[in-house]
Structure formats: C-alpha cells, structure tokens
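Notes to accompany the following structure.
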Amino acid sequence: MNTSDGKTLTVPRHVGIIMDGNGRWAERHAFARAAGHKQGAEAFRTLAYYCRDIGMDYLSVYAFSTENWKRDKLEVSAILRILEDYLIEAIEKMAREGLRMRILGDTAPLSERLKRLIGEAHSIADTYEGFTANLCVNYGGRDEILRAAKKAAESGAAFEDCLDTAGLPDPELIIRPGGEHRLSNFMLWQSAYSELYFTDTLWPDFEPADLDAAIVWYNQRERRFGGR
Ligand code: IPE
Ligand code: IPE
Ligand code: MG
C-alpha cells in the first residue's frame, strides 16, 4: 500500500481490533447505548471493505466478549440483534463482494437463530478464498485456551489447531480505540508478539484514515521476537 506522499507500506496480514467506545460515543451524542453499537457496526462495515481493498488477509474484530453478558439484558439483546442483521446482510452479499465473514468464539450459548445464521455464513465462506473478516462473539482468550486444551486432550490434535484461529497467522498488529490500554481478554495466546496500538478515538468514529495511521506506526516498529 502507498501513502499520500508516495511511500510504500507493508500491510499486516492479520489485524485485530478491540472495538471499544460505542457506549461513550452514544453518551456524547445523548443517544441510547444501542445507537452506539449500531454506529459501531457501520464503522466495522466501512473498515472491512477498506481492509479487503488494501490487501489485508484477515481482520479480526472483538464484538462481544465472554464478560459482556454482565451488561444490562437490553443492551446484550441489542448487540446480538445487530449481529443477526449483520449476518443476514453478509449471507446475502459477501460472495459478490469478495469478503468472507466468520465468527470466532463459543457459539454454544447463542440463540438457535444466530447459530443457524452463523452456520449459513460459514458454509458460504467455505466455498471461496480471499479476505476474511472474523467477528469475535462470545469470545474470550481464556475461554478459547480452555476449550482448545480440552479439545486437544480429547482428540490428540495439536493445541494450536484447536484454537478458534486454527490455520490463521497471529495478528501482527492489534488496535484498541476508545482510550483504554488493555487487551480485555482478546487473543491472549495469539498476541504474544503482536504490536499494540492504542488511540483515544472512539470506535464509531474510527475511519480508514485511523487504520492508515496505525499501519504507518506499525511500519516503524522493529519486530525482534526475542532475538537481537
Ligand atoms: C464496545 O463498546 C462494544 C462492546 C463491548 C460490546 P462499549 O459498549 O464497551 O463502549 P464503552 O467502553 O462503554 O464506551
Ligand atoms: C472489550 O471491551 C470487549 C469488546 C470490545 C467486545 P470492554 O468495554 O468490554 O472492556 P473493558 O470492560 O473496558 O475492559
Ligand atoms: Mg468498553
């Protein structure tokens, strides 16, 4: 990818984003929290197309954590409803748009309707190659590690092949908008050597230009992986 001043930048193969700040965005605009989540989904839609266009392979976004069930029932159902609408849209157009949508996380506690939509989206995504957007739903890094360890012990398969991210490269770059400097249980195994980028911009306000800034910053990092 090229910057406006003609420099060539390396686009990471896999970027993770902790989509935080929807609630504060809503508060600032005197809207209900659900409106913040809706605007957050719009930001995700725009960014997913942008990531596809700049040649990224995988974008993994944290949409709902294993801890987010602690929230008010109405907020949880608003988030899951937005997810349903998003999946319906993806099922309808993702093949045409050259985008694969997958869900990472423990889907067992989700509604039958959501599970059916996830199954449909996955079966479409399995029919072609190309840019993949992973939506992490009822995802928690600790939960993923425990599920994978159990599965590996039962099946004899390699541990990493039992993670939700089996077959994916580790994210080279993890971005957290919203001003907090923590992982909040996102990709604990996979982030061992990820570059961590934090910005105060709230997720619903996050635009392709903000991703460009993170990629410029990423290109300035020297990755050593414990070597010298
Ligand atoms: C992130 O935004 C979305 C989810 C965690 C589901 P928040 O809802 O956490 O927004 P803030 O942090 O309260 O602003
Ligand atoms: C992390 O945000 C989870 C998602 C973005 C889905 P939270 O808002 O849940 O994280 P904390 O509570 O600030 O650590
Ligand atoms: Mg938050």
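Keep in mind the model is a prediction, meaning the values are calculated, not measured. Order of appearance sets the numbers: ligands from 1, and atoms from 1 within every ligand.
- Atoms of ligand 1 lying under 4.0 Å from any heavy atom of I79, numbered from 1 in the order shown and given with element: 6 (C).
- Regarding atom 4 (C) of ligand 2, its nearest protein heavy-atom neighbour is Y62 CD2, 3.8 Å.
- With K7 contributing its side chain and N2 its backbone, the two residues share no donor-acceptor pair below 3.5 Å.
- The main-chain N or O of A157 is found under 3.5 Å from a side-chain atom of S155 such that the two form a donor-acceptor pair.
- Note on ligand 1: G178 sits outside its first shell, no heavy atom being nearer than 4.0 Å.
- Within a 6.0 Å sphere centred on NZ of K115, other residues, nucleotides and ligands contribute more than 12 heavy atoms.
- Proximity of a side-chain donor or acceptor of H37 to a complementary backbone N or O of E75 within less than 3.5 Å is not detected.
- Applying the 6.0 Å contact sphere to CZ of R224 captures no more than 12 heavy atoms from other residues, nucleotides or ligands.
- Not a single N/O/S atom of E180, whether from backbone or side chain, sits less than 2.8 Å from the Mg ion (ligand 3).
- Across the listed options E180, R182, R176, R71, R176 owns the non-hydrogen atom lying nearest to atom 2 (O) of ligand 2.
- In N68, the part holding a heavy atom less than 4.0 Å from any atom of ligand 1 is the side chain.
- Between the side chain of R100 and the backbone N or O of T132 there is no donor-acceptor pair closer than 3.5 Å.
- Note: the hydrophobic cluster containing L104 does not contain I17 (ILVMFWY, side chain heavy atoms under 4.5 Å, direct or indirect links).
- Contacts of F186 with ligand 2, taken as heavy-atom pairs under 4.0 Å, are absent altogether.
- Of all atoms in ligand 1, listed by their number and element, those nearer than 4.0 Å to a heavy atom of R33 are 7 (P), 8 (O), 10 (O), 13 (O).
- Listed for the R33 side chain is no donor-acceptor partner under 3.5 Å among the backbone atoms of N22.
- The atoms of ligand 2 that sit less than 4.0 Å from any heavy atom of M19 are 5 (C).
- The proximity of S65 to ligand 1, defined as any non-hydrogen pair under 4.0 Å, does not occur for either the backbone or the side chain.
- Formation of a donor-acceptor pair under 3.5 Å by the N219 side chain with backbone atoms of T10 is found in this model.
- Of all N, O or S atoms in D20, the one lying closest to the Mg ion (ligand 3) is OD1.
- Remark: ligand 1 atoms within the under-4.0 Å shell around heavy atoms of R24 are 11 (P), 12 (O), 14 (O).
- Those atoms of ligand 2 that come under 4.0 Å of a heavy atom in F64, given as number and element, are 6 (C).
- The ring of Y86 has its center closer than 6.0 angstrom to the ring center of F44.
- The proximity of C136 to ligand 2, defined as any non-hydrogen pair under 4.0 Å, does not occur for either the backbone or the side chain.
- Residue, atom and distance of the protein heavy atom nearest to atom 14 (O) of ligand 2 are S184 OG, 2.6 Å.
- Neither the backbone nor the side chain of E27 comes within 4.0 Å of ligand 1, counting heavy atoms alone.
- Distance from atom 6 (C) of ligand 1 to its nearest protein heavy atom, with residue and atom name: A63 O, 3.2 Å.
- Listed by chain and residue number, H14 satisfy the ring pair (Phe, Tyr, Trp, His ring centres under 6.0 Å) test with Y58 (two or more places apart in sequence, or in another chain).
- Ranking protein heavy atoms by distance to atom 10 (O) of ligand 1, first place goes to G23 N, 2.9 Å.
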